[in-house]
Amino acid sequence: MIPEGWNIQSISSIFNFQEGPGIRNWQYVNNGTKFINIRCINNDIINIQNANMISDEEAQGKYAHFMLKENDIVISCSGTLGRKALVLKEYLPLCLNTSVIRFTPRINRQLGFLYGYLGSSLFLNKQIELASGSVQANFGPIHLKGMSIAIPDNNVLNQFSDIVNSIIQKKKNIISESLRLTNLRDSILPKLMSGKIKIDKLNS
């Protein structure tokens with residue numbers, strides 16, 4: 001049963017999704033382009049401070065179509081299911097990786113609807129229900145292609161998206177400011193500890 005005016009559509013008809021490539025340990029480098037792991041996603045935030053890296057040549061070459069973009073939504077799809085985060089411009093450049101799926105709405109205005117759906121218990125329960133694997137749960141594009149979702153009429157959908165999109169923008173602003181302050185702290189603290197910067201100079 002769905003509300004009057006709503007309809008059932010396949011997820012693939014309204015959302016684009018893509019799982020990352022399988023990047024191996026021997027591909028890691030000390031300086032290059034960072035790529036995301038499940039451990040990087042926590043509490044709707046991507047922590048890239050300790051993310052591993054691949055060479056810029058690989059990132060810009062064979063993995064170019066796996067490079068994340070601002071407002072992509074990433075979801076963990078192996079082991080710990082349901083971790084979600086929105087990609088901010090501060091995280092970029094950043095490459096997708098296996099066990100993580102990237103989602104984008106086919107219509108940009110519907111970002112808020114996609115974000116709300118992917119963070120819902122409805123989607124998480126469906127992930128758990130469909131996940132396969134005897135050692136750890138695995139959920140991927142093959143499961144998504146068989147899933148459907150109830151979509152409201154355009155008037156309701158647009159009203160909802162307008163409200164949620166504004167909330168998402170405020171959330172992005174808060175996270176961006178938090179990242180800026182964290183980077184500022186991390187750059188100043190070592191200089192304070194080593195004596196290169198004096199507290200009395202900061203006060204003045």
- Message: Could you tell me if the side chain of Y63 sits less than 4.5 Å from the side chain of L96, heavy atoms only?
- Response: no

- Query: When you check the side-chain N and O atoms of N173 and Q169, is any donor under 3.5 Å from an acceptor?
  - Reply: yes

- Message: We want to know whether Y91 and K34 form a side-chain donor-acceptor pair, criterion being a heavy-atom distance below 3.5 angstrom.
- Response: no

- Task: Inspect the surroundings of NZ in K69 and state if more than 12 heavy atoms from other residues, nucleotides or ligands are less than 6.0 Å away.
- Result: no

- State, yes or no, whether a side-chain contact exists between Y117 and I11 at a heavy-atom distance under 4.5 Å. yes

- Query: Are S176 and K89 close enough, and set up right, to give a side-chain contact (heavy atoms from CB on, under 4.5 Å), and what steps lead you there?
  - Reply: CA-CA 9 Å; S176 295; K89 61 183 179 181; 5.7 Å; no

- Donor-acceptor contact below 3.5 Å, side chain N165 vs main chain R109: yes

- Query: Given N125 and E129, is the side-chain hydrogen bond (donor to acceptor under 3.5 Å, both in side chains) satisfied, shown in steps?
  - Reply: CA-CA 6 Å; N125 290 338; E129 175 188 337; over 6 Å; no

- Go through the side-chain N and O atoms of S78 and N138 and say whether any donor and acceptor fall under 3.5 Å apart. yes

- Would a 4.5 Å heavy-atom cut-off, applied to side chains only, mark I38 and V100 as touching? yes

- State, with a plain yes or no, whether a side-chain heavy atom of N37 is found less than 4.5 Å away from one of C40. yes

Mind listing the side-chain donor-acceptor pairs of residues 49-57 below 3.5 Å, one per line with the distance, residues two or more places apart or on another chain?
{"unit_1": "S55", "atom_1": "OG", "unit_2": "E58", "atom_2": "N", "d": "3.1"}
{"unit_1": "D56", "atom_1": "OD1", "unit_2": "T33", "atom_2": "N", "d": "3.2"}
{"unit_1": "D56", "atom_1": "OD1", "unit_2": "T33", "atom_2": "OG1", "d": "2.7"}

- Please report the shortest heavy-atom distance between R180 and E177, naming the atom on each side. NH2-OE2, 2.8 Å

- Are I8 and W6 connected in a single hydrophobic cluster, I mean Ile/Leu/Val/Met/Phe/Trp/Tyr linked by side-chain heavy atoms less than 4.5 Å apart? yes

- Side chain of N43, backbone of I45: donor and acceptor closer than 3.5 Å? no

- Query: Less than 4.5 Å apart, any side-chain heavy atom of L114 and any of I14?
  - Reply: no

- Please examine the side chains of N71 and K172, heavy atoms only from C-beta on, and report whether any two atoms are closer than 4.5 Å. yes

- Message: Nearest 0.5 Å, please: how far is CD1 in I46 from CG in D72?
- Response: 9.0 Å

- Query: Do other residues, nucleotides or ligands put more than 12 heavy atoms under 6.0 Å from the CD1 atom of I128?
  - Reply: yes

- Flag for N16-Q18: side-chain donor and acceptor within less than 3.5 Å: no

- Parallel, tilted or perpendicular: which fits the ring planes of F160 and F113, with parallel below 30° and perpendicular above 60°? perpendicular

- Message: Give me the atom names and distance for the closest heavy-atom approach of E19 to C77.
- Response: OE2-SG, 3.7 Å

- M67 and V74: same hydrophobic cluster, using ILVMFWY side-chain contacts below 4.5 Å? no

- Note on the structure: Joining Ile, Leu, Val, Met, Phe, Trp and Tyr whenever any side-chain heavy atoms lie under 4.5 Å apart, the cluster holding I167 also takes in I163

- Query: Within a strict 4.5 Å, meaning less than it, do heavy atoms of the I36 and V87 side chains meet?
  - Reply: no

- Could you label the plane-to-plane angle of the Y28 and F35 rings as parallel, tilted or perpendicular, counting under 30° as parallel and over 60° as perpendicular? tilted

- side-chain contact (heavy atoms from CB on, under 4.5 Å) assessment of F66 paired with I23: CA-CA 11 Å; F66 291 110; I23 298 174; over 6 Å; no

- Answer yes if the side chains of N42 and R83 hold a donor-acceptor pair under 3.5 Å, and no otherwise. no

- Query: Should we count NZ of K171 as having more than 12 external heavy atoms under 6.0 Å?
  - Reply: yes

- Checking S178 side chain against I174 main chain: does a donor-acceptor pair fall under 3.5 Å? no

- Please tell me if the side chains of L130 and M147 come closer than 4.5 Å, counting only heavy atoms from C-beta onward. yes

- Message: Using a 6.0 Å distance limit plus a 45 degree cone around the ring axis, check whether K84 lies over the aromatic ring of Y115.
- Response: yes

- Task: State the CZ-OG distance between R39 and S76, to the nearest 0.5 angstrom.
- Result: 14.0 Å

- Indicate if I75 and L122 have the same hydrophobic cluster label, given that clusters are the connected sets of ILVMFWY residues with side-chain heavy-atom separations under 4.5 angstrom. yes

